[in-house]
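In the text below, chain A, chain B and the rest are named by the order of the sequence lines, each starting its count at 1.
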Amino acid sequence: PISLRSAYCAASVASLTNILTPELFAGTAEWIARCQNWEGGIGGVPGMEAHGGYTFCGMAALVILKKEHLLNLRSLLHWVTSRQMRFEGGFQGRCNKLVDGCYSFWQAGLLPLLHRALHARGDTALSMARWMFDQSALQEYILLCCQCPAGGLLDKPGKSRDFYHTCYCLSGLAIAQHFGSADLHHEVVLGVPENCLQATHPVYNITPEKVVRAVMHFLQQPVPSLEPAS
Amino acid sequence: DEIGLIPCPEARYNRSPIVLIENKLGVESWCVKFLLPYVHNKLLLYRQRKQWLNKDELIDITCTLLLLNPDFTTAWNVRKELILSGTLNPLKDLHLGKLALTKFPKSPETWIHRRWVLQQLIQENSLPSLVTKGNLGAAPVERIHRLVQEELNVCSEAAGRYPSNYNAWSHRIWVLQHLGKLTVKILLDELSSTKYWVSMHVSDHSGFHYRQFLLKSLIGRTVTDNNVLVQNQMINEQNASLRKEEESAGAEAACEEEQSVDLPHHLEEELELCTELIDTYPGHETLWCHSDETLNNFHHSPATSHMAQAMDVDGLNESSSKQGYTQETKRLKRAPIQDSLDPEMEYRFIDKVLSTCRDVDQARFATAYRKWLVTFLGQ
């Protein structure tokens, strides 16, 4: 059975290593689109509840496959923006659940993707300086609530630190600090300037320079053939 | 029927850390750091072909491992091999999984393994009866039915043990789709049996989402019921010699049922449930979401928009006897056929909530609902 997370991993790897072919992902985009439900977000399988992690994987995979317009972008935008918590500033993974630092990336990371997709469609209402979520509020949540005094980051106050939350809190912070669209770049840094992180690529979550280097490197390699080695 | 860890950091007495009281298994926590690496290591050595374990040992070791850490995929996979080789009864794994879920209600690997086991059981179910017609103890349909009931039970328990248990509700949907075949009967049964549960868990978005799944599946059923009826008759004719008699009878009965689903009634009931809960428990976003979407179903499904008009004539008597929100039910019954809501009535409902509620979140949800109406239904 297909899995959304695997689809995203596969698309991510295949596109960076230049082995992406239409045959490899035949039907994948359509299946992902079926996972979008009435809430506007994307669930693990068609029919399931919309969930931040799956929504990111689905959207990012579709962006890689250049099929993001199979989704109802407007209802997706409505769903994800509703997931930012008005009191905490961070994001929840699903409706009526608690805030969690890791969704700083899975959810907030959707907004750059949506921004780009809507821009490609010729939407004139898009901002030239901000993503469609409260960037300052998210930074406040991460910096004030998600840091462990001994180092590392976490889900919410009271939880213990782990590498997963450290990674995704930082990734979310990077998203919240940097707005970029084509030649435009606009920074919003809460607190001291030293808080500013490097920008991260919203599809792959590595720095944009690394994405370019990876793509360039693999473009220069011969594409492996499908025949088994003798 | 339940497992748990007993907080007990030191072994004070020279006795077994296993405690069994009233059919509930407890493990004193001090022993875990010895036991887990020991069994884990044993299994890994077996997998690496460095140390042989016989079938009984394997069963014991994997059982112990999984009760301590059910997300250990390798252990479940060892059991898959044992099941496939006929050494292990798949029903044992259903029981083991059920036990593991009492302590680890989310465990993804446990749910995944469960679906694999159920798939094995379904396949096993259909094969023998094709080969040897007749009685195999309980009729296959009866066996499936019992399996389904047990799965629904396991899902309920797990959902109660962890709020918004995505994996449990996901499994429940899978069971309805693959074991229950999404029959009208099961959809309606589930609607009524989960009604009380969601009323007791008003922030459980997964629970309410499940009800949306049920309603939408029902809508899907009624829209295509005529097609299904014809198709089933054709299938029955073709496979008359091969098919079990019970299945044919079952399919025909299902077709007859499908024609009698009162969709508007169920959607209305759902809306009433929502408004009652919204009133009783102000400030739960899930309830508002569910309410919005239920309304959406009502006005956007072809079957009900047709029926909405038909109800207009005789609907008034019923609505006057219902308490509260009479205005709302009347509004629904007068909705025009062309899938569009009368904005005036909706705004009046919102104003009513805004003027009478004292909860800040409730007010916010009502205001957001108004904006939502303008954006999504005003087109």
Within 6.0 Å of NZ in B:Lys216, more than 12 heavy atoms from elsewhere: yes

Contact residues of residues 47-60 of chain A (partner chain B; heavy-atom separation under 4.5 angstrom): A:Gly47, A:Met48, A:Glu49, A:His51, A:Tyr54

Step-by-step side chain to side chain contact (heavy atoms under 4.5 Å, CB included) determination, A:Glu39 to B:His209: CA-CA 9 Å; A:Glu39 299 172 75; B:His209 177 273; 3.4 Å; yes

Enclosure of A:Arg116 CZ (heavy-atom neighbours >12, cutoff 6.0 Å): no

Flag if over 12 foreign heavy atoms under 6.0 Å of CE, B:Met200: yes

Sorted by number, residues from residues 85-113 of chain A in contact with chain B (heavy atoms, under 4.5 Å): A:Arg86, A:Gln92, A:Arg94, A:Cys95, A:Asn96, A:Lys97

For chain A, the option from B:Gln212, B:Gln177, B:His284 that forms the most heavy-atom pairs under 4.5 Å: B:Gln212

Top contributor to chain A contacts, counting heavy-atom pairs under 4.5 Å, from B:Pro163, B:Ser206, B:Cys289: B:Ser206

